[in-house]
Amino acid sequence: QKEVEQDPGPLSVPEGAIVSLNCTYSNSAFQYFMWYRQYSRKGPELLMYTYSSGNKEDGRFTAQVDKSSKYISLFIRDSQPSDSATYLCAMSANRGSTLGRLYFGRGTQLTVWP
Amino acid sequence: GAVVSQHPSWVICKSGTSVKIECRSLDFQATTMFWYRQFPKQSLMLMATSNEGSKATYEQGVEKDKFLINHASLTLSTLTVTSAHPEDSSFYICSARPGLAGWGEQFFGPGTRLTVL
């Protein structure tokens, strides 16, 4: 079992739709949860990060973490064609030898069509 | 701020040759740099972690004699793919972590696409 599972999609939605992206994980040591956006042939860029459980909102983006279920989500409201990219979840522990190491999901490819 | 560059952005080489990829943190000092490999439609796979002035720590299954990593300064790390073969063709991405970042935030470079003929 991989440490981080993410449905690769692809996911195709019309402009204006609400998008829900999800990841599950198995390692209870993960404390930091991140979402990266990666455009084709580019490096990932950090969208949001959350420490421990809870919600975090930034504009059209909302990140949720449910540690009891080992499940994280990213919601995109009023999706735009410019949101078309691959979204990667990533996680990190805050103790032990894995400090700072990121564990990535496979990425979900999102297309928002006009 | 927090910009990481990579050079070259793409490279094509013949099988058996060596290729060097540079990763630079432009506006911060990076005590730790990471090298990833990404195959098409796959996630980022961590290859190695390097700390300035010390030997890199390689992930299981990554040949340290084939993928040479040097982190000679707080702003520069290099990855050399020695005796490259077609199966080494991939997208190589580095990231850098500022020394004071407690939770491990990493800033990623734009990636280098390597094609081995």
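Chain naming here is simple, since letters A, B, ... match the order of the sequence lines and numbering starts at 1 in each.
- Residue with the most contacts toward chain B among A:Pro8, A:Gly105, A:Gly107: A:Gly105 (heavy-atom pairs, distance under 4.5 Å).
- B:Phe91 and A:Lys42 get closest at one heavy-atom pair: CE2-O, 3.6 Å.
- Note: B:Phe108 CZ to A:Leu88 CG = 8.5 Å, rounded to the nearest 0.5 Å.
- At most 12 non-hydrogen atoms from other residues, nucleotides or ligands lie less than 6.0 angstrom from NZ of B:Lys20.
- Interatomic distance, CD of B:Glu59 versus CZ of A:Arg101, reported as 4.0 Å (0.5 Å rounding).
- If you measure heavy-atom distances from A:Gln6 to chain B, you find no contacts under 4.5 Å at all.
- Looking at A:Gln109, the atoms closer than 4.5 Å to chain B (heavy atoms on both sides) all sit in the side chain, from C-beta outward.
- Linking Ile, Leu, Val, Met, Phe, Trp and Tyr residues whenever their side-chain heavy atoms come within less than 4.5 Å leaves B:Val81 and B:Leu76 in two separate clusters.
- When hydrophobic clusters are built by joining Ile, Leu, Val, Met, Phe, Trp and Tyr residues whose side-chain heavy atoms come closer than 4.5 Å, directly or via intermediates, A:Val13 is grouped together with A:Leu21.
- Annotation for B:Met45: atom CE does not count as buried by contact number, only 12 or fewer foreign heavy atoms lying within 6.0 Å.
- In this structure, chain A has no heavy atom under 4.5 Å from any part of B:Gln6.
- Rounding to the nearest 0.5 Å places CZ of B:Phe34 at 6.5 Å from CG of A:Leu102.
- Around atom CZ of A:Arg41, no more than 12 heavy atoms belonging to other residues, nucleotides or ligands sit under 6.0 Å away.
- The nearest pair of heavy atoms linking B:Leu44 to A:Pro44 is CD2-CG, 3.9 Å.
- Taken together through direct or relayed side-chain contacts under 4.5 Å among Ile, Leu, Val, Met, Phe, Trp and Tyr, A:Tyr87 and A:Phe30 form part of one hydrophobic cluster.
- Side-chain heavy atoms closer than 4.5 Å link hydrophobic residues (I, L, V, M, F, W, Y) into clusters, and following such links, even through other members, never connects B:Leu46 to B:Val62.
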